[in-house]
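Order of the sequence lines sets the chain letters (A, B, ...), proteins ahead of strands, with each chain counted from 1.
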Amino acid sequence: MTVWSSPMNNRDYARVLQEIAQLMEISGENRFKVRAFENATRTVETLSEDLDQIIDRGDLQGLKGIGASIANDLRQIRERGTCDIHQMLLERLDPGLLDMLKVQGLGPKRIKLVYNELGVSNLNALKEAAEAGRLRELKGLGAKTEEKVLAEIARLAQGADRAPLPQARRVAESLRDQLDALPQSIRVAIAGSLRRGRETIGDIDLLVATDEPGPIHQAFVALPEVKETLASGDTKTSVRLHNGIQVDLRTVKNEVFGSALHYFTGSKEHHIELRTRAKRQGLRVSEYGVFKENEDTPIASRTEEELYEALGLSFIAPELREGRGEISAAEKSDLPTLVEPEQIRGDVHMHTTETDGRHSIEEMADAAKALGYDYIVITDHSQAVRVANGMTPERFGDHIARIREADGRIQGIRILAGIEVDILKDGSLDMDHDLLAEADWVVGSVHSHFNLDPDTMTERLLTGMRTGLLSCLGHPTGRILGGRNGYRYDFDAVVEACVELGVALELNGSSGRLDLNAELAEKAHRKGAMLVLGSDAHSTTGLKDLRFAVQQARRAWLGPDAILNTLTVDELLKATRPALR
DNA sequence: GCCGTTTTCGGCCCGACTGTTTTCAGTCG
């Protein structure tokens, strides 16, 4: 079974379930029933295994939030791409209503109202109704709502959606530092999905501990990045930046910083599960702490560690807080020990001025030393990548010599000679095999002919790997965050070949990629494959992108043993390419 | 619709902010 070429992939199943939840909500269905479909959506979305395989095994009802009824729906969806309840809702309601849910400030109740009263069933009709001043005729809506709705529709038309994690991270760090510099702020933290390391970010969440919230909120809305204020109260302010990203600021007393950070980090699913569990134990959890029933003084609030302890749980890292079984694992002290940034000894993927990088071997080595690494691998492009000034065999031979020379000259870090070699359309490698054998580390990547049919693409990758010369597959799916989808091939077959041939899979941390993503990394690990982190840096600052790869590895529940970069240089060189040893 | 170390029935997280209201519903995270 394949990931990319399956007629129904997990995302398709999740989309149908989500549409059911949304249409049910608009139709005024029982909210807990709606939540059941939302829960099932999340479960399917974050599976690291193909749902098709689970259906084949008859294990559907073993999944969290999926009972007999939704299991039946899923089997129908597999057969027909839809199911009875989905069909029925679509017949009764207009699918254009789903777009209207994207308008902030407009929820299911108001959508139902404008649908029933004005016959408005899509964004265009909504816009016309707002412009004509007809929304204010409805109970509970007024002129201000009309104004907001129109502004939201205009924003949606610009296509502003979720931002890639690395981009949002940089924006958030700048805002954090500015808030941190205010005299009234005691400490500042980035929370939300950024802290959990989700690969794309809907908005930025910032938390400030302070005894004087007023000046903090005033200074926040006056920051140069801020375009408009969406809402502002005593403890919470929301703004939109000029770049379109929404930022929520919450201020709290320092005494409750831990519980507030926990609350503001999410996810929603983690909170619901945690709070439901607490309630059964006679406890209440909010952003102000853990409370015993009917008491106002928290038994834990200062730190997240205290909060989990008070609930009888071992500490759960932010990257795991997705409601994917982390709470029951924490109950049994059964959580994995996750890989830590400090355990990373080296970086195996970077470019220099020899091809399309901005800095020299020496400059990259110095920057890597400053990051505390023991080793780096220089991996410039092969000639097929013309736009990147890829190397001919002659140039690569010279480059190896220069890298060896630099390695001998520069103290305090090992510099290994490598290459990012193209896996060409027919699966052959874009470099002399003798030179590839001479290199210490070879990243094999696809940079052309992305649209081959899945079988051909699979065979292409397998052919490249069977040379025995590849250390790892670089950015294995080729997806660009918010851009193109990955190329389509039989992921399972390739992972199995990786295990058999001793080829690692890269977790590429560069800004636009995060490839493999957490789900596929987890899947590859479960199938026994080795994983290796690469920054794919094209400059000294790009080296820092490796942290994003670490974070995705943590989201995949991976420990140091699963990651080759935690090995010493000698161990690393023995880990792959068994045929050459 | 799902679920169970009190339950196979009766529950299902918790609080802040807005707009349109005279005490609160709707939305959001």
Side-chain angles (χ1 to χ4, degrees), chain A residues 17 20-21 24-26 28-43 60-74 85 100-114 135-149 152 191-194 196 201-207 213 217 229-238 246-252 256 259-260 262-291 311-312 323 327-328 331-332:
Chain A
L17 291 177
I20 294 172
M24 274 184 167
E25 208 177 2
I26 294 171
E29 181 63 83
N30 175 298
R31 64 195 175 100
F32 299 111
K33 195 163 158 182
V34 172
R35 185 189 294 161
F37 278 92
E38 284 172 349
N39 289 340
T41 303
R42 282 286 293 182
T43 295
L60 269 182
Q61 288 189 64
L63 299 176
K64 197 158 76 74
I66 294 182
S69 173
I70 293 182
N72 188 40
D73 294 338
L74 287 169
I85 178 74
M100 289 167 62
L101 276 173
K102 292 182 193 146
V103 176
Q104 280 207 47
L106 219 52
K109 297 263 167 50
R110 286 172 179 168
I111 288 173
K112 189 184 184 192
L113 186 67
V114 296
L135 296 186
R136 71 186 71 178
E137 297 167 7
L138 304 176
K139 186 174 162 59
L141 302 183
K144 213 148 189 177
T145 308
E146 273 174 359
E147 211 175 288
K148 280 197 158 182
V149 163
E152 266 294 296
S193 51
L194 258 178
R196 302 200 311 278
I201 302 301
D203 56 27
I204 292 171
D205 298 304
L206 297 169
L207 179 68
H217 288 275
T229 303
L230 303 174
S232 191
D234 296 336
T235 66
K236 197 175 149 185
T237 294
S238 293
Q246 182 177 327
V247 186
D248 297 333
L249 168 71
R250 187 80 188 256
T251 49
V252 295
V256 300
S259 49
H262 179 264
Y263 153 75
F264 220 25
T265 297
S267 66
K268 184 177 151 194
E269 290 73 18
H270 180 78
H271 281 319
I272 291 176
E273 194 176 334
L274 193 79
R275 291 172 176 191
T276 306
R277 179 180 172 279
K279 209 167 164 177
R280 280 202 303 270
Q281 300 172 323
L283 299 169
R284 185 177 91 248
V285 181
S286 78
E287 56 262 56
Y288 300 111
V290 180
F291 299 83
L311 296 170
I327 290 173
S328 56
E331 246 170 15
K332 294 175 273 188

Contact between [X] and [Y] at the side-chain level, heavy atoms closer than 4.5 Å - yes or no?
| X | Y | answer |
| --- | --- | --- |
| H262(A) | L274(A) | yes |
| E38(A) | E25(A) | yes |
| M24(A) | K33(A) | yes |

What is the distance from [atom1] of [X] to [atom2] of [N], rounded to the nearest Å?
| X | N | atom1 | atom2 | result |
| --- | --- | --- | --- | --- |
| L63(A) | dC3(B) | CG | P | 10 Å |
| E269(A) | dC12(B) | CD | P | 18 Å |
| D205(A) | dC28(B) | CG | P | 15 Å |
| D248(A) | dC28(B) | CG | P | 12 Å |
| I70(A) | dC3(B) | CD1 | C1' | 12 Å |
| Q61(A) | dC3(B) | CD | P | 8 Å |
| L60(A) | dG1(B) | CG | C1' | 15 Å |
| K64(A) | dC3(B) | NZ | P | 9 Å |

Mind checking if [X] touches a base, just sugar-phosphate, or nothing, with heavy atoms under 4.0 Å?
| X | result |
| --- | --- |
| V252(A) | nothing |
| A143(A) | sugar-phosphate |
| L274(A) | nothing |
| Q104(A) | sugar-phosphate |

Which side-chain N or O atoms in residues 103-112 of chain A pair as donor and acceptor under 3.5 Å with protein atoms at least two apart or in another chain?
unit_1: Q104(A); atom_1: NE2; unit_2: Q246(A); atom_2: OE1; d: 2.9
unit_1: R110(A); atom_1: NH1; unit_2: G105(A); atom_2: O; d: 3.0

Identified pairing partner of dA16(B), criterion: Watson-Crick or G-U wobble below 3.5 Å: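 Result: dT27(B).
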S69(A) vs E273(A), nearer the 5' end of DNA chain B by closest nucleotide: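 Taking each residue's closest nucleotide, the earlier one in sequence belongs to S69(A).
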Residue whose nearest DNA chain B nucleotide is more 5′ - K109(A) or G142(A):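 Its nearest nucleotide being more 5', the pick is G142(A).
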side-chain contact (heavy atoms from CB on, under 4.5 Å) partner of D205(A), the single match among V247(A), T265(A), D248(A), L249(A):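 It is D248(A); the other options fail the test.
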Rounding to the closest angstrom, what is the interatomic distance between [N] and [M] at atom [atom1]?
| N | M | atom1 | value |
| --- | --- | --- | --- |
| dC17(B) | dC12(B) | P | 25 Å |
| dG26(B) | dT21(B) | C1' | 12 Å |
| dC14(B) | dT6(B) | C1' | 24 Å |
| dC13(B) | dG4(B) | P | 14 Å |
| dT5(B) | dG1(B) | C1' | 24 Å |
| dT22(B) | dT18(B) | C1' | 16 Å |
| dT20(B) | dC28(B) | P | 15 Å |
| dC3(B) | dT8(B) | C1' | 9 Å |

T276(A) side-chain N/O to dC12(B) phosphate OP1/OP2 under 4.0 Å: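 False: T276(A) side-chain N/O out of range (4.0 Å or more) of dC12(B) OP1/OP2.
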Taking salt bridge (Lys or Arg N to Asp or Glu O under 4.0 Å) as the definition, give me every residue that meets it alongside [X], ordered by chain and number, with sequence neighbours left out.
| X | answer |
| --- | --- |
| R136(A) | E146(A) |
| K144(A) | none |
| E147(A) | none |

Charged N-O contact under 4.0 Å between E273(A) and K64(A):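 A salt bridge is present here (some side-chain N lies under 4.0 Å from a carboxylate O).
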Under 3.5 Å: donor-acceptor pair, side chain of T237(A), backbone of S232(A):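 It does not hold such a pair.
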Backbone of L141(A) reached by a side-chain donor or acceptor of T145(A) within 3.5 Å: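 Checked: no pair found.
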Nucleotide N/O of nucleotides 14-18 of chain B paired with protein N/O under 3.5 Å:
unit_1: dC14(B); atom_1: OP2; unit_2: K279(A); atom_2: NZ; d: 3.4
unit_1: dC14(B); atom_1: O4'; unit_2: R275(A); atom_2: NH1; d: 3.0
unit_1: dA16(B); atom_1: OP1; unit_2: Y288(A); atom_2: OH; d: 2.8
unit_1: dA16(B); atom_1: O3'; unit_2: T235(A); atom_2: OG1; d: 3.2
unit_1: dC17(B); atom_1: OP1; unit_2: D234(A); atom_2: N; d: 3.1
unit_1: dC17(B); atom_1: OP1; unit_2: T235(A); atom_2: N; d: 2.9
unit_1: dC17(B); atom_1: OP1; unit_2: T235(A); atom_2: OG1; d: 3.2
unit_1: dC17(B); atom_1: OP1; unit_2: K236(A); atom_2: N; d: 3.0
unit_1: dT18(B); atom_1: OP1; unit_2: S232(A); atom_2: N; d: 2.7
unit_1: dT18(B); atom_1: OP1; unit_2: S232(A); atom_2: O; d: 3.2

Within residues 30-37 of chain A, residues whose heavy atoms come under 4.0 Å of DNA chain B: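 Of all residues in residues 30-37 of chain A, the ones placing a heavy atom under 4.0 Å from DNA chain B are F32(A), K33(A), R35(A), A36(A), F37(A).
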